[in-house]
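To find a chain, count down the sequence lines: A is the first, B the second, and so on, and within it residues start at 1. Hydrogens, waters and symmetry mates play no part in the numbers below; they use all other heavy atoms, side chains included.
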Protein chains: 4
Amino acid sequence: MVNRVILIGNLGRDPEVRRLENGAVVAKFSIATNENYRDKSGEWQSLTEWHDIVMWRSLAERAEGQLKKGMPVYVEGKLTHRTWEDQDGNKRKTTEVVANYFRSLASRRDGEGNNSYFPSADDEYPGGGFSSSSVESDNSSSEAPVSSDAADDDLPF
Amino acid sequence: MVNRVILIGNLGRDPEVRRLENGAVVAKFSIATNENYRDKSGEWQSLTEWHDIVMWRSLAERAEGQLKKGMPVYVEGKLTHRTWEDQDGNKRKTTEVVANYFRSLASRRDGEGNNSYFPSADDEYPGGGFSSSSVESDNSSSEAPVSSDAADDDLPF
Amino acid sequence: MVNRVILIGNLGRDPEVRRLENGAVVAKFSIATNENYRDKSGEWQSLTEWHDIVMWRSLAERAEGQLKKGMPVYVEGKLTHRTWEDQDGNKRKTTEVVANYFRSLASRRDGEGNNSYFPSADDEYPGGGFSSSSVESDNSSSEAPVSSDAADDDLPF
Amino acid sequence: MVNRVILIGNLGRDPEVRRLENGAVVAKFSIATNENYRDKSGEWQSLTEWHDIVMWRSLAERAEGQLKKGMPVYVEGKLTHRTWEDQDGNKRKTTEVVANYFRSLASRRDGEGNNSYFPSADDEYPGGGFSSSSVESDNSSSEAPVSSDAADDDLPF
DNA sequence: TTTT
DNA sequence: TTTT
């Protein structure tokens, strides 16, 4: 059955990447989608939805290298729901978009000469300068051909 | 920003329709999407996700007339999240797909001469026979042109 | 870059399946999408678009077994364009949707006891009766788990 | 019936905008989607598809103000096909994506202090500097709330 | 005719 | 928690 989600939004934080015991890699982060609309009185209102994104394996590796807090990103995936118990024994429900494709929408120019995506006065990135591996992998990865379409089809027809 | 969900699944129950004080109409129901996959040992496994669907206004009216428990349906909408407090004061989160389009995938033949979509021994539909308004509206609605594409564009170009 | 097409329509003919010299299998067919709208004078008008669909490999094999003229089908793919020369040396352009997923929307009940999808007085299916292999494969295929989601992800997370 | 196209690509030229006698506005342009894949010998290959996009009314006006040659853009629409006769009386077929939504993916920083989207040595934009109206409308439009979601729903639920 |  |  068909279950597809398509989102374009901005990362609220850097992806959180974990290596599991069995060798699997998983990346998690949230993205915000914003919608502007006029209310009854004609005023512009803004509405933000935060979506939890999960990526596995090579997608997770690529997310770790390419995505940073604040960046705009295109995400495709499916809608999944899990129930679990919190520490108080309450049943909780979590909804996540498990991605099968993503594409950074940051222009290559963004972040040049800087290790954060959106440089600002209250820059919260502690380290700096040259040897930031995330910046390096970001650059290198955006120079290599993007193999991301391989998910749906790896032959050109 | 882009926020799109596309689902094809089956209704778990008849839509629950409410008329609000302000005249608005809202329909709610869940649909199940099923996925089959082979696990590591090569066994076929089945995975079901239940998605909460919300429809407003004319969509809700049309859902009330056309959709019934068990029916396959195509739904397009956007992913929304709400937080609320349950009776114990615990913060709960709800995720819903707010639809902007749907289309029944039941063939016209289904349900003919019967007021339930999937007739069965343990038929739970109390009334029966001819004068069921839901059957009537279902039939008539599938004979009339479907105005549902009007949502995205109501001119043919 | 993102290139996605999603269609729900009916097959104009049975899929045309070819086995190429190199062993590849390809299936081609057209599907019609219909749109109803009100024109300026308030009259209901109907608009039909015919889309050329191409499927390769296991999709093509599955199409051959499951899809028949008239059936409703959900198709996902990408938009491709080719130019070629006709016999008069004129440059011609062809646009095709190369599918990476499809799902028959015919209910299992449809076509029961009949080897055509829409039985009718002017039935054009020559053979008949029981041993039609297309009917058999159609039935059996709808009983087996659909592996079609394997395209985007073959693990249940 | 469902007929959806989703594309992310780059404009090959500035949109071509026409005002028709009846007051309607239409914008046309092509966007390229690129796909990279490894061929059998392991070499990276690149494949480009050019898609013809058509926008009407307010979408066309917004395209005129916001989109320029080279820009990345997200486009949603439907697949349409037209046949016509060229000057030699040959029947020709044209496929177009009629958009019902678009969103520029250019970052606001791009093109600052410049009247072209991608400044380059062989810059083909003749005028320059400050008073370029296209830059002005581009800037102003990106500061105003984007009303683009109004197409599918203009209320926040 | 674009871009990475 | 993001962005425009």
Quiz item: Please give, in whole Å, the distance from dT1(F) C1' to H81(B) NE2?
Solution: 14 Å
Exercise. Rounded to the nearest angstrom, tell me the gap between atom CG in D52(D) and atom P in dT1(E).
Key: 14 Å
Exercise. Would you mind telling me which residue lines up with the more 5' stretch of DNA chain E, S46(D) or G12(D), judged by nearest nucleotide?
Key: G12(D)
Quiz item: Quick one: L47(D) CG to dT1(E) P, roughly how many Å, whole number?
Solution: 18 Å
Practice problem: Would you indicate which nucleotide in dT2(F), dT1(F), dT1(E) comes nearest to any side-chain atom of R13(D)? | Solution: dT1(E)
Quiz item: Are the side chain of D52(D) and the backbone N or O of E96(D) linked by a donor-acceptor pair below 3.5 Å?
Solution: no
Quiz item: Within a radius of less than 6.0 Å around CD of Q45(D), do more than 12 heavy atoms belonging to other residues, nucleotides or ligands occur?
Solution: yes
Quiz prompt | Spacing between E16(A) atom CD and dT2(F) atom C1', to the nearest angstrom | solution = 16 Å
Quiz item: With side chains defined as the heavy atoms from C-beta onward, is the minimum distance between L7(D) and V2(C) less than 4.5 Å?
Solution: no
Quiz item: What is the distance, rounded to the nearest whole Å, between atom CD of E49(A) and atom C1' of dT2(F)?
Solution: 14 Å
Exercise. Could you label the plane-to-plane angle of the Y101(A) and Y74(A) rings as parallel, tilted or perpendicular, counting under 30° as parallel and over 60° as perpendicular?
Key: perpendicular
Self-check item: Pairing of R4(C) and E76(C) as salt bridge, 4.0 angstrom limit
Solution: no
Quiz item: With stacking defined as ring centroids separated by under 5.5 Å and planes differing by under 30°, is W50(A) stacked against dT1(F)?
Solution: yes
Quiz prompt | Closest to the N34(A) side chain, choosing from dT2(F), dT1(E), dT2(E) | solution = dT2(F)
Quiz prompt | Rounded interatomic separation in angstrom, taking CZ from F29(D) and P from dT1(E) | solution = 18 Å
Quiz item: T48(A) near the nucleic acid: base, sugar-phosphate alone, or nothing, with a heavy-atom cut-off under 4.0 Å?
Solution: base
Self-check item: Whole-Å gap separating P (dT4(F)) and CG (N3(B))
Solution: 19 Å
Practice problem: Could you please name the option among dT1(E), dT2(F), dT2(E) that lies closest to any side-chain atom of N10(D)? | Solution: dT2(E)
Practice problem: Remember a base hit wins even if backbone is also touched, and classify T33(D) as base, sugar-phosphate or nothing at under 4.0 Å, heavy atoms. | Solution: nothing
Exercise. Could you check how far CG of L105(A) sits from C1' of dT3(E), rounded to whole Å?
Key: 13 Å
